[in-house]
*Asks:* 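Okay, here's the structure, questions in a sec.
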Amino acid sequence: MTRISLILGKQWKDTTETVIIGGGCVGVSLAYHLAKGGMKDVVLLEKSELTAGSTWHAAGLTTYYHPGINLKKVHYDSIKLYESLEAETGQAVGFHQPGSVRIASTPVRVDEMKYQMTRTHWHVTPQFLIGPEKIQELFPLINMDKVLAGLYTPGDGHIDPYSLTMALAAGARMYGAQIYTRAPVTALSPTADGKWDVQTPHGTVRANRIVNATGFWAREVGKMIGFEHPTIPVHHQYVVTATVPEVKALKKELAVIRDLESSYYLRQERDGLLFGPYEREDKMVLQDSWVRDGVPPGFGKELFESDLDRIMEHVEMAMEMVPVLKKADILNTVSGPITYTPDLLPMVGPHRGVRNYWTAIGFGYGIIHVGGIGKFLSDWIRNGEPPYDLIECDPNRYGKWTDVPFMCAKARESYGFNNEVGYPKEERFAGRPTSRTSGVYELLKDKASMGFHAGWEQPHWFYKPGDITGYKPSFRRINWFNPVGRECKLVMEKVGVIDLTPFGKFIVKGKDSHRLLDRLFANTMPKVEHNYSKCLLFCCCRCEYCKVYPQDFDHFNSHHYASVAQIVIFSGHINQLQNSRMVIQERDRVIKELEEKVAFLEAEVRTVF
């Protein structure tokens, strides 16, 4: 037996299909799913021991609920896995499913829950809007004075993160994956054929692909290949009480509650209670020194110093809602790092810029994502395409514009907004504008309600005298309803100008470019003899026969053309035209008329809006 084998307790592998870097719950879940799915040649490398990092100290909450649509599927897959994992692997996971209730104590929270009820039928999981009597039945220790309603999700609960990870590791090994602990990755080197040499103190592994699943070490691993992943550790605290007599006397486990207005979660922990708040953005703490200086060597199963004063506002509100907390003794206060991205969503999938580099990082709610993300990524890697749409977690949604000040500002905002009211068409303003502003931004920023798209500022609607301006979110008819109607009427009956700065621009060249675009686009491309037209396309293009913009596309990267070339002319009349000789003549007449109007608009753009 070699020295390496003696150190690691197993034979070292020199080649493999997939190397997963990171032995937290996310990385181990991916190893389990890949091996179970039939990929036997899977290696997981952990720098110290499994669960080190954020996994071991997590509160372990699980819920079918998500305010969006796509991530509900991730939550569903996770919970269904956890229900069967113990029987499959023989490893206890400590899974409790008493259900959960999101508490509404204001009328707008009731509106929010009604809105979410309209979205729940996209998925098979049950969800109910319940009244105070049902809430008290599920959580009899609650003070009902302020409770108006609740959003109840049966099957929610909590799981022991350490036991979950060990069960997934047992399953991964059972299906053939190799897990090496005490095997830190020291360097990553791409090969000419798209593979990777993964270097460790024990030797080098050549892999067809690598997956970064390193939690708050994600930036360090990314830097090995030139990436600055926008992830930052955040301090999160929760409090565990000693035995509470009223809890011990209960006949069944309390449902998990989330007091949205007071921004905390609370669940039963044995015969006591576990309570975790999310502070406001001005009070929460970022571990930004780790972004600047890196994670301290050897940090793994350590915690931060607790700070009860920082969360005392939430403690007092929790005591009012659950009065037995007033007499409860604190057994333990846990303050540990969890990883945030600017928008709080993880970065999942292949990363552009290098071949065969995948990420599974930035999980602010790792435990509920573990099972579903492991399955999602495994299906994608093995089958060549994702099993469903999860575009909001695309790691490539960020770019060079995502600098450290922006990341810190957004992480603060996202943490502080954990339990904010989730309005439709939500806008968040921290860190804006970024470096991505077009040449017309300064002209339009005070005359329009600006939206944020891929780092760009883009007008959503324009102000006119008498309008109620600004961002005024609501679940009812809001201030932009009539102005947007006015703008729709304008472009249907006259002409309008739209800023398409955030849209991608493609140059399509070659003898078959016309045929390709004719197949790709819903509308018919102009004929060869009519070689100049203006039209509204989701992907603006120029080919041999179609020049969407008169500007030179070679200058698109200059700031001047990034401001001018985004102006696209469109008219409701053109959409109705068909490709006949008579219609072509009518189209050319309309285009000429539009060009005359555009000349006027370019000179008087302020008056248009």
Side-chain angles (χ1 to χ4, degrees), residues 59 61 63 65 67 96 98-117 120 127-154 156-158 237-280 283 308-331 333 416-423 473-476:
L61 297 179
T63 178
Y65 177 86
H96 298 247
S100 77
V101 182
R102 310 176 78 81
I103 303 295
S105 54
T106 65
V108 72
R109 289 292 185 183
V110 177
D111 285 347
E112 180 184 19
M113 291 177 180
K114 290 178 178 177
Y115 169 67
Q116 286 298 332
M117 286 301 297
T120 190
Q127 180 174 288
F128 304 97
L129 184 61
I130 60 175
E133 290 184 1
K134 181 65 174 177
I135 294 171
Q136 192 158 39
E137 176 188 328
L138 293 165
F139 200 100
L141 304 181
I142 197 168
N143 175 6
M144 302 300 298
D145 290 349
K146 295 182 179 180
V147 175
L148 300 179
L151 201 64
Y152 171 48
T153 316
D156 286 5
H158 54 96
Q237 296 186 97
Y238 63 82
V239 175
V240 182
T241 74
T243 295
V244 176
E246 293 87 346
V247 175
K248 187 174 183 179
L250 294 169
K251 302 299 183 185
K252 65 177 182 178
E253 184 174 357
L254 293 166
V256 179
I257 64 168
R258 291 173 175 84
D259 184 351
L260 303 178
E261 283 299 299
S262 301
S263 193
Y264 65 83
Y265 56 82
L266 189 148
R267 68 169 176 84
Q268 187 172 335
E269 175 70 6
R270 298 185 175 86
D271 292 331
L273 296 169
L274 184 152
F275 154 79
Y278 290 96
E279 310 95 290
R280 297 192 310 269
K283 287 195 171 184
L308 284 175
D309 289 341
R310 197 171 79 235
I311 62 172
M312 190 51 64
E313 172 187 2
H314 302 275
V315 171
E316 291 171 353
M317 290 186 287
M319 287 178 175
E320 183 181 356
M321 183 66 78
V322 185
V324 297
L325 280 173
K326 296 177 181 179
K327 299 179 291 182
D329 294 324
I330 295 177
L331 184 66
T333 301
F417 277 33
N418 249 288
N419 290 305
E420 283 291 298
V421 177
Y423 291 105
S474 174
F475 293 104
R476 291 171 171 75

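All residue numbers refer to positions in the sequence shown, counting from 1.
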*Asks:* Any sub-3.5 Å donor-acceptor pair from R102's side-chain atoms to Y65's backbone N or O?
*Replies:* no
*Asks:* Might you point out which heavy atoms bring Q116 and P67 nearest each other, and give the distance in Å?
*Replies:* NE2-O, 3.4 Å
*Asks:* Do the side chains of D329 and L331 get nearer than 4.5 Å, heavy atoms only?
*Replies:* no
*Asks:* Is it the case that the side chain of E279 and the backbone of I311 share a donor-acceptor pair, with hydrogens and angles ignored and the cut-off at 3.5 Å?
*Replies:* no
*Asks:* Closest heavy-atom contact between A255 and V101?
*Replies:* CB-CG2, 4.5 Å
*Asks:* Side chains of V421 and Y115: closer than 4.5 Å at any heavy-atom pair?
*Replies:* no
*Asks:* Taking all non-hydrogen atoms of both residues into account, name the closest pair between G272 and V247 and its distance.
*Replies:* O-CG1, 3.9 Å
*Asks:* NZ of K252 to CD of E137: how many Å apart, nearest 0.5 Å?
*Replies:* 5.5 Å
*Asks:* State, to 0.1 Å, how close L250 and E246 come at their nearest heavy-atom pair, and which atoms those are.
*Replies:* CG-O, 3.4 Å
*Asks:* Looking at every heavy atom in both M113 and I103, which two are closest together, and how far apart are they?
*Replies:* CE-C, 3.6 Å
*Asks:* On a heavy-atom basis, which atom in N143 and which in E320 lie closest, and how many Å separate them?
*Replies:* ND2-O, 3.2 Å
*Asks:* Please round to the nearest 0.5 Å and tell me the distance separating atom NZ of K114 and atom CZ of R109.
*Replies:* 15.0 Å
*Asks:* Is there side-chain contact between R258 and V256, with heavy atoms separated by less than 4.5 Å?
*Replies:* yes
*Asks:* Are T241 and F275 side-chain neighbours, meaning at least one heavy-atom pair lies under 4.5 Å?
*Replies:* no
*Asks:* Taking atom types as modelled and ignoring hydrogens, do the side chains of N419 and S263 form a donor-acceptor contact shorter than 3.5 angstrom?
*Replies:* yes
*Asks:* Has the side chain of D259 got a donor or acceptor atom that lies under 3.5 Å from a matching backbone atom of Y264?
*Replies:* no
*Asks:* Is H158 close to L274 at the side-chain level, that is, under 4.5 Å between some pair of heavy atoms?
*Replies:* no
*Asks:* Given salt bridge (charged side-chain N to carboxylate O under 4.0 Å, His left out), test K146 with E261 step by step and report yes or no.
*Replies:* CA-CA 11 Å; K146 295 182 179 180; E261 283 299 299; over 6 Å; no
